[in-house]
Protein chains: 2
Amino acid sequence: MPYRKTPSEIRRLEAAREHLVACATSVVAEVGWAQTSVTAVADSAGIAAGSVYQHFPSKAALAVEVFRRAAGREVEVLGEVLDGEGDPVERLTRGIEVFARRALENRGLAYALLAAPAEAAVGAERLEFRRRYRALFAEVVRQGMAAGLLPAQNGEITAAALTGAIGEVLVDPLGTPSGHTTDELLTDLTAMALRCAGAPAV
Amino acid sequence: MPYRKTPSEIRRLEAAREHLVACATSVVAEVGWAQTSVTAVADSAGIAAGSVYQHFPSKAALAVEVFRRAAGREVEVLGEVLDGEGDPVERLTRGIEVFARRALENRGLAYALLAAPAEAAVGAERLEFRRRYRALFAEVVRQGMAAGLLPAQNGEITAAALTGAIGEVLVDPLGTPSGHTTDELLTDLTAMALRCAGAPAV
DNA sequence: GGAAGAAGTGAACCACCATTCAGAGCTTCC
DNA sequence: GGAAGCTCTGAATGGTGGTTCACTTCTTCC
């Protein structure tokens, strides 16, 4: 057997795969799923179109991987904040802020994750992603109710509403140019979210 | 000039066009924009694929027409309710109810209007559609603030949040099967919306 | 150095639809 | 009836873009 992958070769291949995923993520964030062709991704990664198929069996599989990575990061970050220090209302406030700030910092990606037209496989991932977001918010709302900080309510609906509301506000291209600074937008957004959960006005 | 369209012939053609739009709307509501082919629409309307092009210059033009009709109806209905009788909070409550009830009665269409993957031309229409929804809600919120029924807030953001929140709750396929009756869902949804706008708890 | 076998290439292939168009079938009016 | 001009048809066309594959290039190990 005159050829066997050395550890360094394996690492090189893994790195190439990572690079491919990273480049694909950039392309998607820039032009959206619909405009992302295999050729464009390959070009961006500096490899031939055919080489993409050394790492992924299909374009859809690559798209799903891109989505999972990006969505996973967001869920993880939000989860850490919502599970962190402070009472449930404080954590909810910080969670909204983090969610919103990250989305505003990379609008293209946020749009791709939350709303951009995508093929069926990505659509299914998106549903799962939203479900996880909802579960995180719902848990904090539940804690807030248990602690007597929030009024009785259907936590699942509040959680879904928060996801939808923030997405709608952030994703709409008209969101920023309408004369608000980012900070004003964040202030108004968190105020709205707290009202939505029923937290007493500050 | 041995041929000239008679009034009845003109009516026949208009009816055929209406029928085509109606059938296309059904197909879209059933399978979504992405799965809607010209052939499928033509079959559903009982005509040949080529005949579609007697009424519309392109598939995109037909799709836009389908979207405009359906979206226009929704905006009109919501607008009438929000401009109707009662104080702003009452009208807002009824508006949410109507929005939600209509969406629940025709989920496929609601999904197509609010969220389903679609080509660029339809995406642009959808932005406009959401903008109109937002404007309607924002006006009622503004009136509520003026009447002292709602606290000071960024009405545009509240309006966007309402649109996003309701859409998220209604569109997610997991919305209903989770053990709620439609009426419970509507009750929880309006309660959430009123909190979101800052209306005092009832 | 050289054999064995993997990764990388990119032009060719192919499936999928929107769109077209030459001809068939109607409708109108003399 | 028949000429003129329309609507309707559906197989053929064409563009797009994911996928394949014969070939080249690189890596490993004797």
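Worth saying up front: this structure is predicted, and the values here are computed from it rather than measured. Chain letters run A, B, ... following the sequence lines, proteins first and then strands; every chain starts at 1.
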Polar side chain donor-acceptor pair, B:Arg101 to B:Thr182, under 3.5 angstrom: no
Sequence neighbours excluded and cut-off under 3.5 Å, please list the side-chain donor-acceptor pairs for residues 34-54 of chain A, or say none.
residue : atom : partner : partner atom : Å
A:Thr36 : OG1  : A:Gly32 : O            : 2.6
A:Ser37 : OG   : A:Ala40 : N            : 3.1

Show me the pairs that pass ring-ring contact (aromatic ring centres under 6.0 Å, His included) and involve residues 64-109 of chain B, at least two apart or across chains. B:Phe67-B:Phe129, B:Phe99-B:Tyr133
Interatomic distance, B:Phe56 CZ vs C:dA18 C1' [rounded to whole Å]: 16 Å
Roughly, in whole Å, what's the span from CZ in A:Arg12 to P in D:dT28? 8 Å
Which whole-number value in Å describes the distance from B:His19 NE2 to D:dC8 C1'? 16 Å
Checking B:Arg102 now: which residues fulfil side-chain hydrogen bond (donor to acceptor under 3.5 Å, both in side chains) with it, not counting sequence neighbours? B:Glu74
Quick one: A:Leu20 CG to C:dG8 P, roughly how many Å, whole number? 10 Å
Going by side-chain hydrogen bond (donor to acceptor under 3.5 Å, both in side chains), name the residues that satisfy it together with A:Arg130, two or more places apart in sequence or in a different chain. B:Glu168
Where at least one partner belongs to residues 81-96 of chain A, residue pairs that pass salt bridge (Lys or Arg N to Asp or Glu O under 4.0 Å), sequence neighbours excluded: none
Distances under 3.5 Å between protein N/O atoms and the N/O atoms of nucleotides 23-25 of chain D, please, pair by pair.
none

Taking side-chain hydrogen bond (donor to acceptor under 3.5 Å, both in side chains) as the definition, give me every residue that meets it alongside A:Arg132, ordered by chain and number, with sequence neighbours left out. none
Given C:dG10, D:dC8, C:dG8, identify the nucleotide with an atom nearest to the side chain of B:Gln54. D:dC8
In whole angstroms, how far is the P atom of D:dG10 from the CG atom of B:Asp43? 10 Å
Return the value, rounded to whole Å, for the distance between atom CD1 of A:Ile10 and atom C1' of D:dT28. 13 Å
Salt-bridge criterion met for A:Glu14 and A:Arg11 (N-O under 4.0 Å): no
Contacts satisfying salt bridge (Lys or Arg N to Asp or Glu O under 4.0 Å) that involve residues 51-73 of chain B (not counting sequence neighbours) are B:Arg17-B:Glu65, B:Glu18-B:Arg69, B:Glu65-B:Arg69, B:Arg68-B:Glu125
Whole-Å distance, B:Arg17 CZ to D:dC8 P, equals 13 Å
Mind checking side-chain hydrogen bond (donor to acceptor under 3.5 Å, both in side chains) for B:Glu30 and listing every partner two or more places apart, or none if nothing turns up? none
Where protein sits on nucleotides 15-21 of chain D, one letter per nucleotide: B base, S sugar-phosphate only, - none, heavy atoms under 4.0 Å: ---SBB-
Rounded distance in Å - CZ (B:Arg11) to C1' (C:dT27): 15 Å
Double-helix bend of the helix from C:dG1-D:dC30 to C:dC30-D:dG1, axes at both ends from 5 pairs, round to 10°, gives 0°
Quick one: side-chain contact (heavy atoms from CB on, under 4.5 Å) partners of B:Ala16, sequence neighbours excluded? B:His55
